[in-house]
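Right, one structure below, let's go through it.
Worth knowing before you read on, the calculation uses all heavy atoms, side chains too, and leaves out hydrogens, waters and symmetry mates. Computed from a predicted model, the values in this text were never measured in an experiment.
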Amino acid sequence: MRRVLPPSFFNRPTLAVARDFLGKYLVRKVGGKTTAVMITEVEAYDGPRDRACHAHRGRTERNAVMFGAAGCWYVYFVYGMHWMLNIVTGEAGYPAAVLLRGGGESFDATRGKWDGPGKLTKALAVDRRLNGKAASRASGLWIEDRGTSVAARHVRRTERIGVAYAGSWAKKPYRFVLSPSPCPLPRGGGGTD
DNA sequence: ACGATGATGAAC
DNA sequence: TTCATCATCGTA
């Protein structure tokens, strides 16, 4: 079973899309070579109120694609050297996206190879050229469901990385990590805010 | 713990 | 036009 995720998958609340990303495959085709990476770590950036979200200060040239259709890539450059890969989620006009932060070769070997958003884009040759393009075979970068189902006990939620400037929004559990070993109950009991 | 490294956005 | 900032990473 192998299905390319359609725009409707992404046209849902950002947190739901982020959660459901775990266990899906990010597939890159460049030239004749295809690479598939199981997604194991993502972060949600949810709308203008989210102070960690680029759209918090309104629309700019850089973040414009976040305001567009779900299922398009939002790629930007940070720290003078790294490309960040996001996919736009939710209704057009509502600026939200999911940042792809890490991936592995399989469910049981989820760590080590592509941990870190900058390493992931470097490994998959992702740069500005994909910004605004749809996630599809045509763009050479897309997401597939290959039948892996991820149970709740394998999903760990934490604060997002590198967004300390966002005040209370930095503390929200918007980072989702796939953990092969079952996680104990979330810290503090409920966990999902 | 820190420096690399350059695009971006807001201020002037 | 200038300048602070930055959804990171490798080395120490």
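Heavy atoms of A:R128 sit under 4.0 angstrom from primed sugar atoms or phosphate atoms, though from no base atom. Contacts of A:F77 with the nucleic acid, taken as non-hydrogen atoms under 4.0 Å apart, involve only primed sugar atoms and P, OP1 or OP2. A:M81 comes within contact range of at least one nucleobase, with a heavy-atom separation under 4.0 Å.
With A:F9 as the aromatic partner, A:R12 meets the cation-pi criteria of under 6.0 angstrom to the ring centre and within 45 degrees of the ring axis. Figure legend: cation-pi geometry between A:R19 and A:F176 absent, as NZ or CZ is not positioned both under 6.0 Å from the six-membered ring centre and within 45° of its axis.
Ionic pairing of A:E105 and A:K113 is present here: one or more N-O contacts between side-chain nitrogen and carboxylate oxygen are shorter than 4.0 angstrom. A salt bridge links A:D50 with A:R160: the distance from a Lys NZ or Arg NE/NH1/NH2 to an Asp or Glu carboxylate oxygen falls below 4.0 Å. The pair A:E159-A:K172 does not meet the salt-bridge criterion, since no charged nitrogen lies less than 4.0 angstrom from a carboxylate oxygen.
For A:W83, the ring-ring contact (aromatic ring centres under 6.0 Å, His included) test picks out A:F77, with sequence neighbours left out.
One can place CE of A:M84 at 14 Å from P of B:dT8, the figure rounded to the nearest angstrom. A:Y165 places its OH atom 13 Å from the C1' atom of B:dT8, with the value rounded to the nearest Å. In this structure, the CZ atom of A:R62 is 17 Å from the P atom of B:dG6, given to the nearest Å. To the nearest angstrom, C1' of B:dG6 lies 10 Å from CH2 of A:W83. Atom P of nucleotide B:dT8 and atom CZ of A:R57 are separated by 16 Å, given to the nearest angstrom.
At least one side-chain heavy atom of A:Y94 sits under 4.5 Å from a side-chain heavy atom of A:P48.
No side-chain donor-acceptor contact under 3.5 Å links A:E41 to the backbone of A:L100.
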Just the dot-bracket of DNA chain B, please: which string comes out with Watson-Crick or G-U pairs under 3.5 Å, [ ] for crossing, | for another strand?
||||.||||||.
Check step by step if side-chain contact (heavy atoms from CB on, under 4.5 Å) holds for A:R101 and A:L120.
CA-CA 7 Å; A:R101 290 189 56 92; A:L120 186 64; over 6 Å; no
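When DNA chain C is scanned 5' to 3' for any atom under 4.0 Å from a heavy atom of chain A, the first and last hits are C:dC6 to C:dG10.
Comparing A:H82 and A:T60 by the nucleotide of DNA chain B that holds the closest heavy atom to each, the one mapping nearer the 5' end is A:H82.
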